[in-house]
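Start at 1 with the first residue, then count along the sequence.
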Amino acid sequence: MTVLPVILVLSGPNLDLLGQREPEIYGRETLDDHVAAMRRAAAAAGFAVEHQQSNAEGELIDAIHRARGRCAAIVINPGAFGHYAWGIHDALATFDGPVVEVHISNPNARESWRHKSVVAPVATGTIAGLGGHGYVLAIEAVRRLTAPGDRPPTLER
Ligand code: CA2
């Protein structure tokens, strides 16, 4: 049996409510829909997806700790934690593989308190404002970031 490398996908607070409110900002798809799309994209690229949603910062930090040395990459939509949760920043800084930050909306086009990301400084890259498609793009980014000889030029240094 082949064991596929695992991408840990983390979803922060309130993202469990996707599809139920504010569809004009976050779309009509549920979090389960996004995870299913990521699993399909990941399987096609030879990865497995492990997903965890939590409304508690400590649970997300624990999940990042468990990923160290075990998961190939982390894709994280930290939700509102992304704007102030330095514990998540510090945990991600201890992770050796690529970290892709995803936001469904474009926080930079919204209220000023959403303009700061404490995850961005420890992320390999950020995808924002592209709706749910950003999640699938994040899987493609992980594929490229983990493929020898297929890394974006800015990371070849
Ligand atoms: O655009 C994103 O993905 C966000 O990470 C979503 C967060 C927000 O605080 C960030 O600034 C940007 C909020 C997620 C809340 O999700 C809801 C889902 C359904 C209804 C209401 C909120």
Side-chain angles (χ1 to χ4, degrees), residues 6-42 44-45 47-67 71-146 151-152 154-155:
V6 174
I7 303 172
L8 176 65
V9 177
L10 293 175
S11 300
N14 300 309
L15 288 163
D16 50 331
L17 300 179
L18 282 176
Q20 296 181 33
R21 289 188 55 227
E22 303 191 71
E24 67 287 0
I25 300 176
Y26 300 116
R28 296 197 179 282
E29 291 160 300
T30 66
L31 187 56
D32 282 350
D33 293 334
H34 294 309
V35 173
M38 278 189 280
R39 285 194 202 286
R40 286 193 294 272
F47 291 88
V49 162
E50 192 177 296
H51 176 248
Q52 184 173 342
Q53 187 277 333
S54 179
N55 297 319
E57 181 182 352
E59 288 186 9
L60 296 171
I61 292 171
D62 287 342
I64 294 165
H65 290 180
R66 285 193 298 271
C71 295
I74 295 177
V75 172
I76 181 166
N77 183 342
F81 283 158
H83 306 305
Y84 64 90
W86 289 102
I88 290 178
H89 162 105
D90 286 352
L92 288 171
T94 73
F95 181 75
D96 274 340
V99 173
V100 182
E101 177 186 15
V102 175
H103 295 282
I104 297 168
S105 67
N106 177 0
N108 287 313
R110 300 178 66 192
E111 303 95 320
S112 56
W113 62 268
R114 296 186 201 270
H115 297 182
K116 181 179 184 63
S117 169
V118 298
V119 167
V122 287
T124 314
T126 300
I127 298 168
L130 302 179
H133 188 53
Y135 285 113
V136 172
L137 292 174
I139 299 296
E140 168 60 11
V142 168
R143 186 194 67 72
R144 288 196 62 180
L145 289 163
T146 54
R151 289 160 65 79
T154 51
L155 296 173

Table please: side-chain donor-acceptor pairs of residues 134-142 below 3.5 Å, with sequence neighbours left out.
unit_1: Y135; atom_1: OH; unit_2: N77; atom_2: ND2; d: 3.2
unit_1: E140; atom_1: OE1; unit_2: R143; atom_2: NE; d: 3.0
unit_1: E140; atom_1: OE2; unit_2: R143; atom_2: NH2; d: 3.0

Just by distance, no angles: are the side chains of T126 and E101 close enough, under 3.5 Å, to form a donor-acceptor pair?
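Result is yes, a qualifying pair exists.
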
Kindly give the heavy-atom pair with the smallest separation between [X] and [Y], and that separation in Å.
{"X": "A72", "Y": "P98", "value": "O-CD, 3.3 Å"}
{"X": "V119", "Y": "P78", "value": "CG2-CG, 4.0 Å"}
{"X": "P121", "Y": "S117", "value": "CD-O, 3.4 Å"}

Let me confirm one number: the [atom1]-[atom2] distance from [X] to [Y], rounded to the nearest 0.5 Å.
{"X": "S11", "Y": "H34", "atom1": "OG", "atom2": "NE2", "result": "9.0 Å"}
{"X": "H51", "Y": "L31", "atom1": "NE2", "atom2": "CG", "result": "4.0 Å"}
{"X": "I104", "Y": "L15", "atom1": "CD1", "atom2": "CG", "result": "6.0 Å"}
{"X": "Q52", "Y": "L8", "atom1": "CD", "atom2": "CG", "result": "7.0 Å"}
{"X": "I127", "Y": "N106", "atom1": "CD1", "atom2": "CG", "result": "13.0 Å"}

Pairs flagged by ring pair (Phe, Tyr, Trp, His ring centres under 6.0 Å) wherever residues 8-31 is involved - sequence neighbours left out:
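Every pair satisfying ring pair (Phe, Tyr, Trp, His ring centres under 6.0 Å) with a residue in residues 8-31: there are none.
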
For residues 85-114, pull every pair meeting ring pair (Phe, Tyr, Trp, His ring centres under 6.0 Å), keeping only residues two or more places apart or in separate chains.
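Of all non-adjacent pairs touching residues 85-114, those that pass ring pair (Phe, Tyr, Trp, His ring centres under 6.0 Å) are H83-W113, W86-H89.
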
Check for a donor-acceptor pair, side chain of [X] on one end and backbone N or O of [Y] on the other, with a separation under 3.5 Å.
{"X": "Q53", "Y": "G12", "answer": "yes"}
{"X": "R28", "Y": "P23", "answer": "no"}
{"X": "S105", "Y": "G129", "answer": "no"}

With sequence neighbours left out, what residues match N14 under side chain to side chain donor-acceptor pair (under 3.5 Å)?
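Counting only residues at least two positions away or on another chain, N14 forms no side chain to side chain donor-acceptor pair (under 3.5 Å).
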
Those residues that, when tested against Q20, pass side chain to side chain donor-acceptor pair (under 3.5 Å) (two or more places apart)
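None.
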
Which atom pairs, one a donor and one an acceptor, fall under 3.5 Å between side chains of residues 57-64 and the rest of the protein, sequence neighbours left out?
unit_1: E57; atom_1: OE2; unit_2: G87; atom_2: N; d: 3.4
unit_1: E59; atom_1: OE1; unit_2: S54; atom_2: OG; d: 2.9

Are any of the side-chain heavy atoms of [X] and [Y] separated by less than 4.5 Å?
{"X": "I88", "Y": "V118", "value": "no"}
{"X": "V100", "Y": "L145", "value": "yes"}
{"X": "R110", "Y": "I25", "value": "yes"}

